[in-house]
Amino acid sequence: MAFAPSKGKKHGGEGGGGGRMDLNMTSLIDMFTCLLAFLLKSFSAEGALVTPSSGLELPKSVASERAKPGLTVEIGKNEVVVEGVTVATTEEFAKTDFQNLLKSPMYLDLDRRHKSALAMEQYGTKFEGEVIIQGDKDVPFSALYKVMFICARNDYGKMRLIVVSTAES
Amino acid sequence: MAFKPSERRKSEEGPEELDLTPYMNFVMILIPVIMQASEYIKLAMIPINLPPAQGPSIGGPTEQETPEETLDLAVAITSGGFTITAASARLPIIPLKDDDYDYEKLNQDLWKLKQQAQGKYPDDTKIVIASGQDVRYEVIVKAMDATREYKENNKSYMMFPDVSLSSGIT
(Lines give C-alpha, C1' and ligand atoms only; values in the text may rest on other atoms or scores of the structure.)
Protein backbone atom coordinates (compact mmCIF):
# COMPACT_ATOMS: atom_id res chain seq x y z
CA MET A 1 0.00 0.00 0.00
CA ALA A 2 1.44 3.37 -0.93
CA PHE A 3 1.34 6.05 1.73
CA ALA A 4 0.27 9.57 1.05
CA PRO A 5 3.26 11.91 0.60
CA SER A 6 4.20 13.93 3.66
CA LYS A 7 2.95 17.45 3.83
CA GLY A 8 5.63 18.55 6.22
CA LYS A 9 7.88 20.04 3.58
CA LYS A 10 5.04 21.84 2.01
CA HIS A 11 4.03 23.40 5.28
CA GLY A 12 7.59 24.24 6.12
CA GLY A 13 8.06 26.02 2.84
CA GLU A 14 5.10 28.22 3.30
CA GLY A 15 7.10 30.70 5.31
CA GLY A 16 8.97 31.62 2.16
CA GLY A 17 12.37 30.44 3.53
CA GLY A 18 13.07 33.79 5.16
CA GLY A 19 12.84 32.46 8.81
CA ARG A 20 16.09 31.89 10.81
CA MET A 21 16.38 28.48 12.45
CA ASP A 22 18.28 28.36 15.78
CA LEU A 23 20.45 25.39 16.61
CA ASN A 24 19.24 23.53 19.68
CA MET A 25 22.28 23.36 21.96
CA THR A 26 20.61 21.68 24.96
CA SER A 27 21.67 18.11 24.16
CA LEU A 28 25.24 19.20 23.36
CA ILE A 29 25.50 21.03 26.67
CA ASP A 30 24.10 17.99 28.49
CA MET A 31 26.80 15.86 26.90
CA PHE A 32 29.55 18.32 27.82
CA THR A 33 28.35 18.53 31.41
CA CYS A 34 28.47 14.72 31.74
CA LEU A 35 31.93 14.64 30.16
CA LEU A 36 33.15 17.35 32.48
CA ALA A 37 31.88 15.49 35.54
CA PHE A 38 33.61 12.27 34.39
CA LEU A 39 36.90 14.04 33.71
CA LEU A 40 36.84 15.90 37.01
CA LYS A 41 36.50 12.54 38.77
CA SER A 42 39.79 11.34 37.31
CA PHE A 43 41.46 14.73 37.58
CA SER A 44 44.74 14.86 39.41
CA ALA A 45 45.96 18.22 40.66
CA GLU A 46 49.59 17.14 40.19
CA GLY A 47 49.05 15.75 36.71
CA ALA A 48 50.31 12.41 35.44
CA LEU A 49 53.95 12.33 36.51
CA VAL A 50 54.74 8.94 35.02
CA THR A 51 53.22 7.81 31.76
CA PRO A 52 52.77 4.07 31.28
CA SER A 53 54.51 2.85 28.16
CA SER A 54 52.45 1.46 25.36
CA GLY A 55 52.81 -2.27 24.75
CA LEU A 56 53.67 -2.96 28.38
CA GLU A 57 51.28 -4.78 30.67
CA LEU A 58 52.29 -3.63 34.12
CA PRO A 59 51.58 -5.90 37.10
CA LYS A 60 48.89 -4.92 39.59
CA SER A 61 49.74 -4.20 43.19
CA VAL A 62 48.15 -2.83 46.35
CA ALA A 63 51.02 -0.35 46.65
CA SER A 64 49.83 3.24 46.83
CA GLU A 65 52.98 5.33 46.90
CA ARG A 66 52.69 7.88 44.14
CA ALA A 67 54.97 7.33 41.16
CA LYS A 68 57.61 10.00 40.67
CA PRO A 69 59.54 10.70 37.48
CA GLY A 70 63.11 9.54 37.01
CA LEU A 71 65.31 7.78 34.50
CA THR A 72 62.96 5.29 32.86
CA VAL A 73 63.96 1.74 32.00
CA GLU A 74 61.31 -0.38 30.31
CA ILE A 75 61.56 -4.16 30.19
CA GLY A 76 59.10 -5.26 27.56
CA LYS A 77 58.30 -8.75 26.35
CA ASN A 78 60.64 -8.21 23.39
CA GLU A 79 63.05 -5.42 24.18
CA VAL A 80 64.73 -3.39 26.90
CA VAL A 81 64.38 0.37 26.44
CA VAL A 82 66.21 3.18 28.27
CA GLU A 83 64.53 6.59 27.95
CA GLY A 84 62.95 5.60 24.63
CA VAL A 85 66.10 4.05 23.15
CA THR A 86 66.15 0.28 22.59
CA VAL A 87 69.32 -1.19 24.07
CA ALA A 88 68.77 -4.96 23.87
CA THR A 89 66.26 -7.69 23.23
CA THR A 90 64.80 -9.10 26.46
CA GLU A 91 65.55 -12.73 25.61
CA GLU A 92 69.16 -12.03 24.75
CA PHE A 93 69.51 -9.76 27.78
CA ALA A 94 68.20 -12.42 30.18
CA LYS A 95 70.78 -14.92 28.88
CA THR A 96 73.81 -12.60 29.03
CA ASP A 97 76.17 -13.34 31.91
CA PHE A 98 77.14 -10.65 34.37
CA GLN A 99 80.67 -10.15 32.97
CA ASN A 100 79.38 -9.46 29.47
CA LEU A 101 76.70 -7.15 30.85
CA LEU A 102 79.46 -4.69 31.73
CA LYS A 103 80.16 -4.33 28.01
CA SER A 104 76.52 -4.26 26.93
CA PRO A 105 74.94 -1.22 25.17
CA MET A 106 72.68 -0.66 28.20
CA TYR A 107 75.66 -0.43 30.56
CA LEU A 108 77.45 1.99 28.24
CA ASP A 109 74.31 4.08 27.84
CA LEU A 110 73.73 4.36 31.59
CA ASP A 111 77.42 5.06 32.15
CA ARG A 112 77.23 7.96 29.70
CA ARG A 113 74.07 9.30 31.36
CA HIS A 114 75.67 8.98 34.80
CA LYS A 115 78.78 10.88 33.70
CA SER A 116 76.76 13.68 32.12
CA ALA A 117 74.56 13.90 35.23
CA LEU A 118 77.68 14.21 37.38
CA ALA A 119 79.03 16.89 35.06
CA MET A 120 75.80 18.83 35.57
CA GLU A 121 76.34 18.91 39.34
CA GLN A 122 78.68 21.90 38.98
CA TYR A 123 75.67 23.85 37.70
CA GLY A 124 73.62 22.95 40.75
CA THR A 125 71.65 19.95 39.41
CA LYS A 126 72.16 17.24 42.00
CA PHE A 127 72.45 13.67 40.81
CA GLU A 128 69.81 11.71 42.70
CA GLY A 129 70.46 8.27 41.22
CA GLU A 130 66.76 7.55 40.82
CA VAL A 131 65.57 5.06 38.25
CA ILE A 132 62.06 3.84 37.58
CA ILE A 133 61.63 0.38 36.15
CA GLN A 134 58.55 -0.43 34.12
CA GLY A 135 58.44 -4.14 33.52
CA ASP A 136 55.92 -6.28 31.69
CA LYS A 137 54.23 -8.69 34.07
CA ASP A 138 55.49 -11.72 32.15
CA VAL A 139 59.21 -10.92 31.95
CA PRO A 140 61.48 -13.35 33.80
CA PHE A 141 63.15 -12.32 37.03
CA SER A 142 66.60 -12.77 35.44
CA ALA A 143 65.92 -9.83 33.08
CA LEU A 144 64.71 -7.64 35.95
CA TYR A 145 67.67 -8.53 38.14
CA LYS A 146 70.17 -7.80 35.38
CA VAL A 147 68.60 -4.38 34.80
CA MET A 148 68.92 -3.75 38.55
CA PHE A 149 72.55 -4.90 38.43
CA ILE A 150 73.45 -2.48 35.63
CA CYS A 151 71.61 0.38 37.34
CA ALA A 152 73.40 -0.27 40.62
CA ARG A 153 76.80 -0.43 38.89
CA ASN A 154 76.15 3.05 37.49
CA ASP A 155 75.14 4.55 40.85
CA TYR A 156 71.43 4.50 40.06
CA GLY A 157 70.72 2.97 43.45
CA LYS A 158 67.24 4.36 44.16
CA MET A 159 65.16 1.91 42.19
CA ARG A 160 61.38 2.02 41.92
CA LEU A 161 59.17 -0.58 40.33
CA ILE A 162 56.16 0.93 38.59
CA VAL A 163 52.90 -0.97 39.03
CA VAL A 164 49.21 -0.40 38.43
CA SER A 165 47.76 0.47 41.80
CA THR A 166 44.65 -1.34 42.98
CA ALA A 167 44.71 0.39 46.37
CA GLU A 168 41.49 2.08 47.40
CA SER A 169 41.91 5.84 47.54
CA MET B 1 10.29 67.28 24.40
CA ALA B 2 8.65 63.97 25.11
CA PHE B 3 10.22 60.89 23.60
CA LYS B 4 8.24 58.37 21.70
CA PRO B 5 7.61 55.22 23.79
CA SER B 6 9.86 52.27 22.92
CA GLU B 7 8.44 49.64 20.63
CA ARG B 8 10.89 46.96 21.59
CA ARG B 9 8.59 45.11 23.96
CA LYS B 10 5.79 45.19 21.46
CA SER B 11 7.88 43.86 18.59
CA GLU B 12 9.53 40.93 20.49
CA GLU B 13 7.55 37.76 20.70
CA GLY B 14 8.10 34.71 22.92
CA PRO B 15 10.67 34.18 25.75
CA GLU B 16 14.23 35.40 25.26
CA GLU B 17 16.76 32.56 24.78
CA LEU B 18 19.89 32.36 26.93
CA ASP B 19 23.11 33.02 25.03
CA LEU B 20 25.14 29.87 25.63
CA THR B 21 28.14 30.74 23.46
CA PRO B 22 30.43 31.90 26.35
CA TYR B 23 29.60 28.76 28.33
CA MET B 24 30.37 26.58 25.31
CA ASN B 25 33.68 28.38 24.78
CA PHE B 26 34.60 27.87 28.42
CA VAL B 27 33.77 24.16 28.35
CA MET B 28 35.65 23.62 25.09
CA ILE B 29 38.80 25.05 26.69
CA LEU B 30 38.31 23.30 30.03
CA ILE B 31 37.91 19.80 28.59
CA PRO B 32 41.38 19.50 26.96
CA VAL B 33 43.00 21.02 30.07
CA ILE B 34 41.38 18.46 32.36
CA MET B 35 42.02 15.61 29.93
CA GLN B 36 45.71 16.38 30.03
CA ALA B 37 45.85 16.31 33.82
CA SER B 38 43.66 13.24 34.28
CA GLU B 39 44.86 9.86 35.47
CA TYR B 40 43.04 7.04 33.76
CA ILE B 41 45.36 4.37 35.15
CA LYS B 42 46.55 4.92 38.69
CA LEU B 43 50.24 4.14 38.84
CA ALA B 44 52.16 3.49 42.01
CA MET B 45 55.76 2.66 42.79
CA ILE B 46 57.42 0.08 44.99
CA PRO B 47 60.81 1.20 46.31
CA ILE B 48 63.26 -1.68 46.23
CA ASN B 49 66.76 -2.19 47.49
CA LEU B 50 69.58 -4.44 46.53
CA PRO B 51 70.37 -7.10 49.14
CA PRO B 52 72.69 -6.03 51.96
CA ALA B 53 76.34 -7.04 51.64
CA GLN B 54 77.20 -10.22 53.49
CA GLY B 55 80.42 -11.11 55.28
CA PRO B 56 82.46 -9.54 58.06
CA SER B 57 83.19 -5.85 58.06
CA ILE B 58 86.74 -4.56 57.69
CA GLY B 59 88.71 -5.30 60.84
CA GLY B 60 86.09 -7.77 62.06
CA PRO B 61 84.11 -7.51 65.27
CA THR B 62 86.11 -6.90 68.42
CA GLU B 63 85.77 -9.21 71.37
CA GLN B 64 83.88 -6.63 73.42
CA GLU B 65 81.22 -6.18 70.77
CA THR B 66 78.54 -8.80 70.77
CA PRO B 67 76.81 -8.88 67.39
CA GLU B 68 73.15 -8.00 67.66
CA GLU B 69 70.81 -10.82 66.84
CA THR B 70 68.92 -10.18 63.62
CA LEU B 71 65.83 -11.70 62.08
CA ASP B 72 67.30 -12.07 58.56
CA LEU B 73 63.89 -12.77 57.09
CA ALA B 74 63.86 -14.07 53.54
CA VAL B 75 61.31 -15.55 51.19
CA ALA B 76 62.55 -17.79 48.41
CA ILE B 77 60.33 -18.15 45.32
CA THR B 78 60.88 -21.31 43.37
CA SER B 79 58.81 -23.25 40.86
CA GLY B 80 57.58 -25.37 43.81
CA GLY B 81 56.29 -22.52 45.96
CA PHE B 82 57.47 -20.18 48.73
CA THR B 83 60.03 -20.96 51.43
CA ILE B 84 60.37 -18.64 54.42
CA THR B 85 63.59 -18.49 56.38
CA ALA B 86 63.99 -16.42 59.52
CA ALA B 87 66.64 -16.27 62.25
CA SER B 88 68.48 -19.20 60.66
CA ALA B 89 65.36 -21.37 60.78
CA ARG B 90 63.49 -22.60 57.74
CA LEU B 91 59.72 -22.91 57.78
CA PRO B 92 57.93 -25.64 55.79
CA ILE B 93 57.50 -24.87 52.09
CA ILE B 94 54.23 -23.25 51.01
CA PRO B 95 53.33 -25.35 47.96
CA LEU B 96 51.43 -24.22 44.87
CA LYS B 97 47.66 -24.14 45.16
CA ASP B 98 45.65 -24.86 41.99
CA ASP B 99 48.77 -24.30 39.84
CA ASP B 100 49.28 -20.85 41.32
CA TYR B 101 51.32 -19.49 44.21
CA ASP B 102 49.52 -19.41 47.57
CA TYR B 103 49.89 -15.74 48.44
CA GLU B 104 47.24 -15.93 51.16
CA LYS B 105 49.14 -18.60 53.11
CA LEU B 106 52.38 -16.64 52.69
CA ASN B 107 50.64 -13.56 54.06
CA GLN B 108 49.26 -15.44 57.07
CA ASP B 109 52.56 -17.18 57.88
CA LEU B 110 54.43 -13.89 57.71
CA TRP B 111 51.85 -12.23 59.95
CA LYS B 112 52.39 -14.91 62.61
CA LEU B 113 56.12 -14.38 62.28
CA LYS B 114 55.71 -10.60 62.53
CA GLN B 115 53.76 -10.92 65.77
CA GLN B 116 56.54 -13.05 67.26
CA ALA B 117 59.39 -10.87 66.00
CA GLN B 118 57.89 -7.42 66.67
CA GLY B 119 60.30 -5.37 68.76
CA LYS B 120 62.70 -8.24 69.33
CA TYR B 121 64.92 -7.67 66.32
CA PRO B 122 66.33 -4.43 64.87
CA ASP B 123 65.46 -5.52 61.33
CA ASP B 124 61.84 -6.47 61.95
CA THR B 125 60.59 -4.48 58.94
CA LYS B 126 63.08 -5.86 56.42
CA ILE B 127 62.68 -8.79 54.08
CA VAL B 128 64.77 -10.23 51.27
CA ILE B 129 62.94 -11.82 48.37
CA ALA B 130 65.13 -14.32 46.56
CA SER B 131 63.72 -15.62 43.35
CA GLY B 132 64.40 -18.24 40.74
CA GLN B 133 65.60 -16.98 37.36
CA ASP B 134 62.46 -18.00 35.47
CA VAL B 135 59.91 -16.70 37.95
CA ARG B 136 57.63 -14.14 36.35
CA TYR B 137 57.80 -10.51 37.43
CA GLU B 138 54.08 -10.53 38.34
CA VAL B 139 54.67 -13.30 40.91
CA ILE B 140 57.40 -11.24 42.57
CA VAL B 141 55.17 -8.15 42.78
CA LYS B 142 52.33 -10.21 44.29
CA ALA B 143 54.75 -11.77 46.77
CA MET B 144 55.88 -8.25 47.74
CA ASP B 145 52.23 -7.34 48.33
CA ALA B 146 51.81 -10.39 50.54
CA THR B 147 54.84 -9.39 52.61
CA ARG B 148 53.96 -5.70 52.93
CA GLU B 149 50.72 -5.70 54.91
CA TYR B 150 48.17 -7.91 56.58
CA LYS B 151 44.46 -7.14 56.50
CA GLU B 152 42.01 -8.23 59.16
CA ASN B 153 38.55 -6.83 59.91
CA ASN B 154 39.01 -3.92 57.47
CA LYS B 155 42.19 -2.92 59.27
CA SER B 156 45.60 -3.20 57.68
CA TYR B 157 48.77 -3.85 59.62
CA MET B 158 52.22 -3.08 58.27
CA MET B 159 54.50 -6.12 58.17
CA PHE B 160 57.73 -5.97 56.17
CA PRO B 161 57.72 -2.92 53.87
CA ASP B 162 61.52 -2.71 53.34
CA VAL B 163 61.96 -5.13 50.47
CA SER B 164 65.27 -6.17 48.96
CA LEU B 165 65.51 -8.35 45.89
CA SER B 166 68.10 -11.05 45.54
CA SER B 167 68.82 -13.65 42.92
CA GLY B 168 70.01 -16.24 45.39
CA ILE B 169 68.40 -19.13 43.55
CA THR B 170 69.91 -20.29 40.26
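As a basis for the values below, the full set of heavy atoms in this structure was taken, side chains included, without hydrogen atoms, waters or symmetry mates. In what follows, every chain begins at residue 1, and chains take the letters A, B, ... in the order their sequences are listed.
- Heavy-atom distances place the side chain of A:L36, and not its backbone, under 4.5 Å from chain B.
- Residues A:V164 and B:K42 form no side-chain contact, since every pair of their non-hydrogen atoms from C-beta on lies 4.5 Å or further apart.
- Note: A:E57 CD to B:Y137 OH = 12.5 Å, rounded to the nearest 0.5 Å.
- Both the backbone and the side chain of A:I162 come within contact range of chain B, judged by heavy atoms closer than 4.5 Å.
- Looking only at heavy-atom pairs under 4.5 Å with chain A, the residue among B:I34, B:L43, B:I140 that has the most is B:L43.
- Counting only heavy atoms from C-beta outward, the side chains of B:M35 and A:L39 approach each other to under 4.5 Å.
- The greatest number of non-hydrogen atom pairs below 4.5 Å with chain A, out of B:I48, B:V141, B:V135, B:L20, is found for B:I48.
- If you take OH on A:Y145 and OG on B:S166, they are separated by 5.0 Å, rounding to the nearest 0.5 Å.
- Of the atoms belonging to A:L58, it is side-chain heavy atoms, and not backbone ones, that fall under 4.5 Å from chain B.
- Within the 4.5 angstrom heavy-atom criterion, atoms from both the backbone and the side chain of A:S61 approach chain B.
- Contact of the A:E65 side chain with the B:P47 side chain is registered, since non-hydrogen atoms from C-beta on lie closer than 4.5 Å.
- Listed options B:I31, B:V139, B:V27 were ranked by heavy-atom pairs under 4.5 angstrom with chain A; first place goes to B:I31.
- Atom-to-atom distance recorded for A:M148:CE and B:L165:CG is 4.5 Å, nearest 0.5 angstrom.
- Proximity of B:M24 to A:I29: side-chain heavy atoms (C-beta onward) are separated by under 4.5 Å at one or more points.
- A:I75 does not touch chain B: none of its heavy atoms, backbone or side chain, sits under 4.5 Å away.
- Neither the backbone nor the side chain of A:K158 comes within contact range of chain B; no heavy atom of the residue lies under 4.5 Å from a heavy atom of that chain.
- To the nearest 0.5 Å, atoms CD1 (A:I132) and CE (B:M45) are separated by 9.0 Å.
- Separating the CZ atom in A:F141 from the CD atom in B:Q133 is a distance of 7.0 Å, to the nearest 0.5 Å.
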